[in-house]
Amino acid sequence: MREVPAEMKFQKRNGWGIVWRALVCAMAALCVAGAAAAQAKNPYAGDANVAKLGESQFRSNCAFCHGLGARGGGRGPDLTRAQKRHGNSDEEIFHNIHDGIAGTAMPPATSGGIGVGMTDEEIWQVVTYIRSVEKKANAETGNVARGKELFYGTAACGTCHMVNGKGGRLGPELTSTATSRSEEYLVDSLRNPSKRLAQGIMEAMKDFPQEYETANVTTADGTKYQGVVLNEDAFTVQVLDTREVLHSWEKSSLKKYEKTRESLMPTYDEKMLPEKDLRDLLAFLAASAGGGK
Amino acid sequence: VKIRAAMIGALLLSFAGTANAQVTADRLLHAGKEPQNWLMYSGGYSGLRYSTLDQINASNAGRLVPKWAYQTMAGGKFETTPLVVDGILYATGPDDRAFALDARSGRPIWQYQRALPPDIRPCCGRVNRGVAILGDKVFMGTLDAHVIALDAKTGAVVWEIAAADYSKGYSFTLAPLVIKNLVLVGVSGGEYGIRGFIDAYDAATGERKWRFNTIPGPGEPGSETWEGESWKVGGSPAWITGTFDPATNTTFWTTGNPAPSNRGIGRGGDNLYADSLLALDPDTGKMKWYFQFTPHDEHDYDATQVPVMVDDGGKKLIAQANRNGFFYVIDRTTGKLLSATQYAKVTWSNSRDATGRPVGSKEGEPTLEGNPVCPGALGATNWMSPSYDPQTKLFYVTAREQCDIFSTAPQVFDAGHAFYGSAYFPNDATEPYWGALRALDPATGKLVWEWRHNSPAWAGVLTTAGGLAFTGDAEGNFIALDAKSGKALWHFQCGASVIAGPMTFAIDGKQYVAVAAGSTLFAFGLQ
């Protein structure tokens, strides 16, 4: 009954598009012949119309992990952060989308990799879109050195979290978290740790994102353990207890096995972590992520 | 026990008698009479995925061990259901591989891989679910939208035919269905704004005998259910193998989502025959009737689940646990809906039409910023095969409890490019995803038992006269359950998610159960 909206009309590519497509084809031919020499410069840089097309591609192919508006999701980093863990240049971002990122859950955008797959042209559209939603980092007010002291000292973050190889492993590794999560997210994680468990960025070698659920276990001989679930299937569970001892159990052998989504992490409210300390901690995390690539 | 011994004797005889004999249309019709073989995707024309083999049973399943493993060396999802014919196993792998193995040892007889063009457009992995067989040929649909016939003895290509333009997003992933002398296939590509179809090809020559367009053209009945020109790009693929009722000469096929999947604006109307069950004449492709599960779908609720033919007390039914979260029982002689019962969490629908069919609600529609809806985008189930066990009279389905946020946005159609109308993404406000194998009673629609999976699974189900239900999980376990109670009797960690349906066969009087996981095809038998 309604009129066919513009989006459903069959649009012809403009002449430029055809030229571009020919260029892409030529590039593809080169790629087949040898090393994939993606061009270093985004041909669409700053083009708002292309960013709009990129948003559409982003919704279809990227939002499942990276969230609407590129604000991050359960599996993928927040891409509005200007500092990217795996490279900041257009060329690097193109490469990361095109070829995936080894050792992470980021797949290559070839057929059957990301969503329905993207052409080089569409990847550049997405790069243009990501650039259009990036936020300038807030002027950092915190004191990095003091943040580091807090992290490993009185705030005791380092008991469970690792930064640059130093710290515990009961909670998520945090070296580059400031490149993948928004500041609001990090603040919320400190102030309300159980509201949303670690949105484990999906690890390449696991079937599900590591969420650091809390496990309470009683073994057949009555020994009690508390820890985080590292992995689990229908029949077995792998738990890291609070002393960082790894346990592997057949669930059927346990007297009790309970999982809760109440985090083992204490709630860092304003009494425990005043605003100034919070800024200092964030400054430390931002600094530790800064050099990361 | 006596019966079993007699049957094994018969199996041995029949193996000796039929070795190297060709698979005739008549053998396919009576596939149940040779349970040592698995002659088509779902085991037989009814789509039950049930076997009368009972050597492996509830009392000895704990003694199952791997007998052999075959490595495809391929990456990607391994979704095949093998066929077994007189000791030879035929299956497919990712990137359009096909192979024949000695079913006793897992050693290859021949291996084939199609040279695919670089610009194919498979939406959801470079997958294939299996072959069909007739005479001296096995048939396969390919990712570049061809149907091919391979010599069953050598794997050599006998004929190949281009069914559609792969660069526009058409592809084949399903196992074909052979009926009489015809090879039936349905197309994939609902993510690209294709116009779906079901084709029939002459098994001897590859000549196309008929095509049923799953979206009617202008002037045809049903075309009024598409706004403007939206029918041209309306999707409605048919990417799962159908079933066949020889008594009425009717083949049943199911269809997928209308395109763009997440955007109903611009394709106003019910969008026939997307998300539907189609009853077709296999000789002509003429439609006898249809039943649409999800009118004007905006959540990608493909109805591409095998339409299982259930016979119960003279009633001739189709049972389907649909991706949209309802378990439908339909009279397969008329297409009339008999019942639709919720079997998983549902929020997209809160009312029914005059026939009792659930219909969508305003509150369930996707929005620009996203609206949480259950089931999620991957459905309350998906393409994984269910099973119906005539002994327990239960219907077994892999259920996925996963709600997602559905967003919608305008999208320009560009042939061969993604045409979703936006996206879905996980909803962290709801409980974490989980899954279950559920045993449903088609007579009441009620849940009889469930086996809880740690996370939503992608494995199909096989039931056997041994009182067993076999399935797998996303964590890599292949599991044998007591079909009556749902109790786990045995499991094996395959090391990769099971994303395929199990099957069973016998050779030399010994029963095997086979399943694909990772890049490996496993065959299990008793120790």
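Chain A is the first sequence line, chain B the second, and so forth, proteins listed ahead of strands; every chain is numbered from 1. Heavy atoms only: backbone and side chains are in, while hydrogens, waters and symmetry mates are out.
Across B:Gly370 and A:Leu68, no two heavy atoms sit closer than the pair N-CD1, 4.5 Å. The minimum heavy-atom distance between A:Ser56 and B:Pro410, with the atom names listed, is OG-O, 4.4 Å. Shortest non-hydrogen contact noted between A:Ala234 and B:Asp473 is CB-OD2, 4.0 Å.
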Please test A:Thr236 against B:His491 for side-chain contact (heavy atoms from CB on, under 4.5 Å), starting from the C-alpha separation and ending with a verdict.
-> CA-CA 11 Å; A:Thr236 71; B:His491 65 272; 5.8 Å; no
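With a 4.5 angstrom heavy-atom cutoff, B:Ser171 does not touch chain A via any of its atoms. Contacts of B:Glu369 with chain A are made by both backbone and side-chain atoms, with heavy-atom separations under 4.5 Å. In this structure, the portion of B:Ile479 lying under 4.5 Å from any heavy atom of chain A is its side chain and not its backbone. With a threshold of 4.5 angstrom between heavy atoms, B:Leu368 approaches chain A through its backbone and through its side chain. Within the 4.5 angstrom heavy-atom criterion, only side-chain atoms of B:Ala488, from C-beta onward, approach chain A.
Taking the six-membered ring for Trp, B:Trp451 and A:Phe235 have ring centres closer than 6.0 Å.
At most 12 non-hydrogen atoms from other residues, nucleotides or ligands lie less than 6.0 angstrom from NZ of B:Lys487. Applying the 6.0 Å contact sphere to NZ of B:Lys168 captures no more than 12 heavy atoms from other residues, nucleotides or ligands.
Residues meeting the side-chain hydrogen bond (donor to acceptor under 3.5 Å, both in side chains) test with B:Tyr166, sequence neighbours left out: B:Asp119. The side-chain contact (heavy atoms from CB on, under 4.5 Å) test applied to A:Ser194 returns A:Glu262, A:Ser263, not counting sequence neighbours.
The CD atom of A:Gln57 sits 10.5 Å away from the OH atom of B:Tyr420 when rounded to the nearest 0.5 Å. Here A:Ser60 contributes atom OG and B:Gln411 contributes atom CD; the two are 4.5 Å apart, rounded to the nearest 0.5 Å.
The backbone N or O of A:Glu232 lies less than 3.5 Å from a partner atom in the side chain of B:Asn454, making a donor-acceptor pair.
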